[in-house]
*Asks:* 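Mind looking over this structure? Questions follow.
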Protein chains: 2
Amino acid sequence: MAQRNTLQYIILGLLSQAPRTGYELTQDFAHEIGEFWQAQHSQIYPLLGKMEAQGLIAHTVEVTGTKLEKKRYRNTAEGQAVLTAWVGSPTPTMATTKDEFVLKLYFVQRADDTRLPGMIKEQLRIHREWLQHLEARRQLLFADPDAASQQFGHYLILDHALTRERQYVQWLEEQLARLPHN
Amino acid sequence: MAQRNTLQYIILGLLSQAPRTGYELTQDFAHEIGEFWQAQHSQIYPLLGKMEAQGLIAHTVEVTGTKLEKKRYRNTAEGQAVLTAWVGSPTPTMATTKDEFVLKLYFVQRADDTRLPGMIKEQLRIHREWLQHLEARRQLLFADPDAASQQFGHYLILDHALTRERQYVQWLEEQLARLPHN
DNA sequence: CCGCACATGTAAAGCGTTACATGATTGC
DNA sequence: GCAATCATGTAACGCTTTACATGTGCGG
């Protein structure tokens, strides 16, 4: 969706945890919070420049080896304030669910459509796999019960994603079982 | 999200149910399937022109009153074939959940953050309201048990949305109850 | 005759993905 | 030396939203 500057706030949020380079931010989007938002480096680098021009972040240069320059960004006081304001501000808009599978279902008119079992089984495979991935991440990050209180927000949204995926898998299983002659 | 032509397929799907004008399609996105996909008329009209140029749809002109011309579009055989192929094709990509509220949670580090109760209560209000809206729609559309078999796909995705919202509300209630000193 | 809904379009800007492009460092 | 990874950027394209723009029909 074309939301208002959401990526900018996410970057401020990540930088508030620890200063990062553009590359490290890209890695975070690929692995750490890829479950909740995606962004490529081609979007991140220009945005970092723009945010710096606006005074939200600032960078220092680190030299690795003899030549390689890394720009490590951190929030300015203003950036930190903008982040805090965003988190505390109302979120009146709901998530826009753009689930292509669900849309395809919409255009299946009859319960005995022969495509349905295959479609549902494919989604079951995908969502079960994802559920396993999320469970592995919870095991990895929050096996230690203290970790949950240290990064409460992270724990919360991982729990939310797990709940959602379990529900999705269960729903798919129920619908598959309910189909005629399956 | 920038998906591959999804809107085009949705239009083909809607037109396969009944021929429609651009205005009627816009209304459908606003009301009928707004839960699953959004599109404004400024995106729909140009796309209809493009799809007609590609031979997927064709229109006839209806005159209302003395002057007002309405273009009623319907699928060509080719358009219908493209729709069928899309519905039956694999859907390997998962829905990208871009839930701004969940992102904000991620950046709340501590369980005793004073912003949390308010944030969760706001979402509870929004999602309870939405749940009621969905329940009203099911009552309206599928009170008659025959209706579900007539429009099986529509019944399915409404059921899916209801399941998802009930789960979301329940999760929010649990987290709110679990917060310290609330 | 006035206001609202009906009806159709274009323009501009922002958001997001894919592809293009370059170079350095590290470990084997 | 070579490959994988680290590191940073730009370009082109497509999707989506917001705003601009115009005119008709209908009911009160």
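Proteins come first, then strands; the chains are lettered A, B, ... in the order of their sequence lines, and each starts at number 1. The analysis underlying the following values was restricted to heavy atoms, covering all of them including side chains, and did not include hydrogens, waters or symmetry mates. As the structure is a prediction and not an experimental result, all values here were calculated from the model.
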*Asks:* Where is the tightest heavy-atom contact between B/Val102 and A/Ile157, given as atom of each residue plus distance?
*Replies:*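 Closest approach of B/Val102 to A/Ile157, heavy atoms only: O-CG2, 3.1 Å.
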*Asks:* I want to know whether B/His154 and B/Phe142 have ring centres closer than 6.0 Å.
*Replies:*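 Centroid distance B/His154-B/Phe142: below 6.0 Å, so yes.
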*Asks:* Looking at B/Asn5, I'd like to know whether one of its side-chain N or O atoms comes within less than 4.0 Å of OP1 or OP2 on D/dG14.
*Replies:*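 B/Asn5 to D/dG14 OP1/OP2: no side-chain N or O under 4.0 Å.
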*Asks:* Within this structure, what is the CZ-to-C1' distance between B/Phe29 and D/dT16, rounded to whole angstrom?
*Replies:*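 My rounded result for the distance is 12 Å.
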*Asks:* Which of these nucleotides, C/dT17, D/dT16, D/dG25, is closest to any side-chain atom of B/Thr66?
*Replies:*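 Of the candidates, D/dG25 comes closest.
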*Asks:* What is the separation between atom CG on A/Leu25 and atom P on D/dC6, rounded to the nearest whole Å?
*Replies:*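 About 14 Å, once rounded to whole Å.
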*Asks:* Is the B/His127 ring parallel, tilted or perpendicular to the B/Tyr168 ring (thresholds 30°, 60°)?
*Replies:*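 The rings of B/His127 and B/Tyr168 lie parallel, inter-plane angle below 30°.
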*Asks:* Can you measure A/Lys67 atom NZ to D/dC6 atom C1' for me and round it to whole angstrom units?
*Replies:*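 A/Lys67 atom NZ is separated from D/dC6 atom C1' by 16 Å.
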*Asks:* Closer than 4.0 angstrom, basic N to acidic O: yes or no for B/Arg115 and B/Glu122?
*Replies:*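 B/Glu122 and B/Arg115: not salt-bridged.
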*Asks:* Under a 4.0 Å threshold between the charged nitrogen and the carboxylate oxygen, would B/Glu24 count as salt-bridged to B/Arg72?
*Replies:*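 Salt bridge present between B/Arg72 and B/Glu24.
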*Asks:* Rounded off to whole Å, could you give me the CD-to-C1' distance for the B/Gln40 and D/dA21 pair?
*Replies:*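 After rounding, the reported distance stands at 17 Å.
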*Asks:* Return yes when atom CD of B/Gln132 has more than 12 non-hydrogen atoms of other residues, nucleotides or ligands closer than 6.0 Å, and no otherwise.
*Replies:*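 It does not: B/Gln132 CD has 12 such atoms or fewer within range.
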*Asks:* Taking atom P of C/dC6 as reference, at what distance in whole Å does atom CZ of B/Arg20 sit?
*Replies:*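 Checked: the CZ to P distance equals 15 Å.
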*Asks:* Between atom CD1 in A/Ile44 and atom C1' in D/dA7, what is the gap in whole Å?
*Replies:*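 One finds 13 Å between C1' of D/dA7 and CD1 of A/Ile44, rounded.
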*Asks:* Figure out the NZ/C1' separation between B/Lys50 and D/dC13, and round it to whole Å.
*Replies:*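 About 11 Å, once rounded to whole Å.
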*Asks:* Of the candidate nucleotides C/dC6, D/dT16, C/dG16, which contains the atom at the shortest distance from the side chain of A/Trp37?
*Replies:*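 It is C/dG16.
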*Asks:* Round to a whole Å and report the spacing from NZ of A/Lys98 to C1' of D/dC15.
*Replies:*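 Taking atom C1' of D/dC15 as the reference, NZ of A/Lys98 is at 8 Å.
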*Asks:* Report each atom pair, protein N/O against N/O of nucleotides 7-10 of chain C, whose distance is under 3.5 angstrom.
*Replies:*
residue : atom : partner : partner atom : Å
C/dA7   : OP1  : B/Lys70 : NZ           : 2.4
C/dT8   : OP1  : B/Lys71 : N            : 2.9
C/dT8   : OP2  : B/Tyr23 : N            : 2.9
C/dT8   : OP2  : B/Tyr45 : OH           : 3.0
C/dG9   : OP1  : B/Lys71 : NZ           : 2.6
C/dG9   : N7   : B/His41 : NE2          : 3.4
C/dG9   : O6   : B/His41 : NE2          : 2.6

*Asks:* On a heavy-atom basis, which atom in B/Leu7 and which in B/Ala39 lie closest, and how many Å separate them?
*Replies:*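 Closest approach of B/Leu7 to B/Ala39: CD1-CB, 3.8 Å.
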